[in-house]
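As the structure is a prediction and not an experimental result, all values here were calculated from the model.
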Amino acid sequence: MVLKQRLSASQFLSIFILLILSSGCAASSAFKRGKKLEKLRNYDEAFASYRAAYEKNPKNHEYRLYFERARAQAAIAHLDMGRKLREVGKLEEALAEFRRGAEIDPSNALAPQEIRTTQKMIVEREQKQEEEKRKLAEIVERNKVTSPRETLAPVNSTPIVLKLTGDLKRAFESIAKISGINVIFDSDLGNKLTTQVPVDLNNVTVIEALDLLALQTKTYWAVVNPNTIIVTNDNQQTRQFYEEQVIKTFYLGNTLATADLQEVLNTLRTLLDLRKVGVINSQNAIVIRDTADKIAMAERILQSIDKAKPEVLIDVAVMEVDRTYTQTLGVSPPTSVTGVNPPGGTGTTISIKDVDRLGSGNYYITIPTATFLATRTNARVLQNPSLRASDGKIAKLRIGTQQPVAQGSFQPTFGGTVGGSPVVQFTTIDVGVNLDLTPRVLLNRDVAMNVKVAIKSINGFETLSGNRYPILTNRDIEHDIRLKEGESSVIGGIISDSDSVSMDGIPGAQRIPLIKYLFGTESKTRSEAEVIIVITPHIVRLPDFQDSDLETLAIMGSGISPRFIGKPVQLGSGKAVEARPGTPVPGTPAPFQPGVTPAAATRPAESLPIPRLAFVKLGASPADLNAGAKFTIPAAVENAQDASTVSFALSFNPKILKLAGVQDGGFMSLDGKASSLSPRIDNDNGTVTVSLVRPAGSAGVSGNGVLVNLQFEAVGPGTTSISFSQATVADASQTALPTSSSGTQVTVK
């Protein structure tokens, strides 16, 4: 028992000594490696090596001295690199270097100063960029094309009320006299000036009155100067003579390729029937000459489509595994006999008289060798690149080598057409993994991709006419996939498996079990190759859509000179005028209206917006609905102005859908005043009537928003439309405003 304890103690002492020696050896090797790296001025690696040596042997003062010196050198090196990067404008990279220097040597007081200075420069640069963007936006806004009609500045901009029956000339002169402008008539009108025209206008602006009268009489009016108009026949000749045309250059900030510019140009030509337009590829610009209305429409279209293309960062993992197993068993039998001349013989010949002198000592055979060999090879190759691709643009990845291949042709002889001399040219082909990706970024943050995978390898060579040509094995995959952002997909798991067996030995004997290994060798080879490709898309940029980009543009007329009415009509004073009943004339006492405050009743007409067509619509329904699914469809309103009451009725197929409930969307309570919601649901007949009313005495609300959320349940398969049978938007005086509606369609599987 004592002997056992002594052995344990000696073992413990040995282990302790070994640990000390190994720790000392590790510290010494790390210290030596640090000195070599320090001579190469690789201070980061030298600092790491000195730190490893110092941590293993903290009592060694030499290790600590070199460790502290390397810490200071590495920090200073990072500060120097940060200053160089900052001088060339790479502020983010410089900031990273300064932070790394502060992390290595916290005692360096200069590092925090450099960090603060660089951060301040980054903020100032961002502020400058924002200021430049703001100035550019202001320049674009100031230079927007305005219609010549907007330059008309009538003396009296109050709404017009006019009822008369007279000739055309008197009607235009009456409107001009009320508004305080001059009117002249083209001589081509002739007898048309005496045509009797009934006029009945109520609370319309000057421009609206002129437009309505021109539309009624098939005439055309144009602005001569801010207080004068000319009236003429409405035909192509007079419009070409009087209609003002403008030239404007549009600089596109995101469309760079020539094909993209041409696509934008073709779109404008198709939509607006533009004839005089040019492209300047060097400036990335489009120049248009046409009427002010067409230029304004082109400007709105370009504003909505000139967006940065979406970009995707695609992580690609390519893993190739090659497994080979080779086994050789057996004895290699002699395959030849070697003879030598007897004494006195020379060369490889022997005379006949010396044949009797040949004996067993003159012949030699090779002693057989036994072979027992097994070889196993496992190869694993991993490539993990990242590709950044723009929407609709192909991204290519090539992993492998390029193999030269000869291509032959004949060059005709000089002065003749028969025969010729062969010409050999060389080209290269990609051998390895070839991956082509074409992404499409969808607005719901899904990524659709066309994927092409080609894996080529050399499987030998063939000689033709003195030239070696490689024999290629080719495995191709091409398909379209759709992934969510960050979702990974295995797009190729390509496997090849091969077995081969070869026998060498004495014929016949090599087929006898077990004994065959004494008279021959058997070799078995098994090869497995597998290639797996995994892709993961990450969206790094999406178009910056604004509300104005999604607005509907309205135009009047389908001829060569349509009128742009997609925004409120502006008078020369720059203030909009409301054209609806109940607007008081400035300078006259406002009539008493129950529930309306005096401030609202006496508000000047110039501060009220012109009523536009309100649009009540249903949102899109979800896709892939099954029976029993519950979903919500919003009912929204656009261009509402002073809306106090909204009511609408919907119809749907009760065999397919069931309306479970109606919830307030919040639009009618934008100012915090709660509105009353009254839904009447009839699922038996598939109808619902919804009424939204604001509190009595409160002003209406304007703008866009969700009225209600309709909660449906799918009860059976089929397709049904949810359509409006009635939609009304009224103001506080219960005057119905112009309203249109749009339903939706639902499909249940």
Side-chain angles (χ1 to χ4, degrees), residues 128-152 222-223 236 239-240 242-311 390-393 440-441 443 541-570 572 574 612:
K128 184 177 179 181
Q129 292 174 350
E130 291 296 328
E131 181 67 17
E132 291 176 352
K133 291 180 180 179
R134 186 185 64 80
K135 290 182 179 179
L136 180 60
E138 291 178 355
I139 293 173
V140 173
E141 186 67 26
R142 284 198 307 266
N143 291 278
K144 280 189 174 181
V145 176
T146 58
S147 173
R149 301 153 57 87
E150 298 181 15
T151 63
L152 186 64
V223 177
Q236 185 174 354
R239 281 185 176 270
Q240 288 179 350
Y242 291 109
E243 199 167 39
E244 179 180 327
Q245 291 196 349
V246 295
I247 299 176
K248 185 165 184 178
T249 303
F250 297 96
Y251 294 93
L252 305 183
N254 298 284
T255 303
L256 300 176
T258 303
D260 295 338
L261 278 175
Q262 193 62 40
E263 185 178 4
V264 172
L265 182 60
N266 293 336
T267 301
L268 293 177
R269 281 176 172 166
T270 303
L271 294 177
L272 304 178
D273 194 21
L274 299 178
R275 293 184 175 89
K276 298 178 181 178
V277 59
V279 175
I280 305 176
N281 293 318
S282 61
Q283 297 293 328
N284 201 33
I286 296 177
V287 183
I288 304 176
R289 173 189 169 184
D290 217 302
T291 63
D293 285 315
K294 284 190 177 182
I295 296 293
M297 287 185 276
E299 188 170 26
R300 289 291 298 274
I301 294 174
L302 289 174
Q303 177 185 348
S304 62
I305 64 177
D306 184 25
K307 303 295 181 183
K309 281 191 174 184
E311 292 188 14
S390 296
D391 184 80
K393 302 296 183 182
R440 280 287 186 184
V441 181
L443 293 183
R541 177 178 294 172
L542 280 174
D544 184 17
F545 288 111
Q546 306 294 330
D547 291 341
S548 58
D549 300 329
L550 305 177
E551 290 180 354
T552 303
L553 302 183
I555 63 175
M556 177 178 290
S558 58
I560 61 172
S561 299
R563 211 179 85 207
F564 180 41
I565 57 174
K567 59 180 180 179
V569 178
Q570 300 290 328
R612 293 179 56 192

Distance (rounded to the nearest 0.5 Å) between Gln245 CD and Lys276 NZ: 5.5 Å
Non-hydrogen side-chain atoms of Ile301 and Leu271 separated by less than 4.5 Å: yes
Test item: Lys309 and Asp260 side chains (from C-beta on) under 4.5 Å apart, heavy atoms: yes
Leu302 and Leu268, any side-chain heavy atoms less than 4.5 Å apart: yes
Gap separating the CD1 atom of Ile288 from the CG atom of Leu265, nearest 0.5 angstrom: 8.0 Å
Approximate separation, where rounding is to 0.5 Å, of Tyr251 OH and Gln283 CD: 6.0 Å
Side-chain donor or acceptor of Asp391 paired with backbone N/O of Val441 under 3.5 Å: yes
Heavy-atom check, side chain of Glu311 versus side chain of Ser390, under 4.5 Å: yes
Heavy-atom side-chain contact between Lys294 and Asp273 under 4.5 Å: yes
Partner set under salt bridge (charged side-chain N to carboxylate O under 4.0 Å, His left out) for Arg269, not counting sequence neighbours: none
For Gln262, side-chain hydrogen bond (donor to acceptor under 3.5 Å, both in side chains) partners two or more places apart: Asn266
Worked check of side-chain contact (heavy atoms from CB on, under 4.5 Å) between Val264 and Ile286: CA-CA 9 Å; Val264 172; Ile286 296 177; 3.8 Å; yes
Interatomic spacing from CG in Leu274 to CD1 in Ile295 - rounded to 0.5 Å: 7.0 Å
Residues, nucleotides or ligands: over 12 heavy atoms within 6.0 Å of Glu263 CD: no
CG on Leu252 to CG on Asp306, rounded to 0.5 Å: 4.5 Å
